[in-house]
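Atoms considered below: every heavy atom in the structure, side chains included; atoms not considered: hydrogens, waters and symmetry mates. Remember, predicted model here, so these are calculated numbers, not experimental data.
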Amino acid sequence: MQDQKQRAYSEWLVLCFQQGNQGALNSLFRLWERRLLLYAIRRLGGQENAETARDVTQEALISISRSLHNLSDPAAFPGWAFRIVERRCVDYLRVKIREREVFTSVEQVPELSKADNTENEITSSEILRNLDPKVRVVLQLHYLEDMTVGEISQVLDIPAGTVKSRLFYARKLIQAKTDSKSFATE
């Protein structure tokens, strides 16, 4: 019974907000924020990720407040709000997985020794040689051939977003390997 009352009250608050009552949004958030936060905490792995879950929930609430005017069925608010939180959780998890892959890649790139370089200096060709070929070709086209993301996308027949992400992760990989060493261009 309590859940039906809460849903009916939520529907009424959505309608009030859509008619211009800004206070209704605050009431709606007070009513649902805790449930959305608990969902995010569970989705992101428990209490050890509570701060992250708070951040994700805040991002979701911002998205909800921006899009609530477009919600055509106020009765659908609970499911709609949870979907937004779910998408924010998935986005966060996707970023964490990518970061883990970058650091795994960093560990797989062989360390350059002093014997290989004068005074432990790293050259651009040595860095390129140690990278995944898919990443290497994007770096070469962008930095050595001075191509734009769009041009690289056309040349390699891959989406522009893929080009951007490969450039991003290549930069992270190179930065991780060159932080403690000096870098020399050829």
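Separating the CZ atom in R43 from the CG atom in L36 is a distance of 14.5 Å, to the nearest 0.5 Å. One distance of note links CG of L28 with CZ of F17; it measures 9.0 Å at 0.5 Å rounding. Expressed to the nearest 0.5 Å, how far CG of L25 lies from NE2 of H69 amounts to 8.0 Å.
Evaluation of the salt bridge (Lys or Arg N to Asp or Glu O under 4.0 Å) test over residues 13-39, restricted to residues two or more places apart or in two chains, returns D3-R35.
The side chain to side chain donor-acceptor pair (under 3.5 Å) search around S153 returns none, not counting sequence neighbours. With sequence neighbours excluded, the residues satisfying ring-ring contact (aromatic ring centres under 6.0 Å, His included) with F82 are Y39. A search for side-chain contact (heavy atoms from CB on, under 4.5 Å) contacts involving A75 returns E11, D73, not counting sequence neighbours.
Within the hydrophobic cluster formed by Ile, Leu, Val, Met, Phe, Trp and Tyr side chains joined at under 4.5 Å, directly or through other members, L15 stands alone, with no partner residue. Within the hydrophobic cluster formed by Ile, Leu, Val, Met, Phe, Trp and Tyr side chains joined at under 4.5 Å, directly or through other members, I62 stands alone, with no partner residue.
Here the side chains of L68 and W80 are in contact, with some heavy-atom distance below 4.5 Å.
A donor-acceptor pair under 3.5 Å is absent between the side-chain atoms of S67 and the main chain of I64, judged by distance alone.
Ion pairing of R83 with E86 is absent here, as no side-chain N (NZ or NE/NH1/NH2) approaches a carboxylate O to less than 4.0 Å.
Taking the six-membered ring where tryptophan is involved, the planes of W12 and Y9 are essentially parallel, since the angle between them stays under 30° and well short of 60°.
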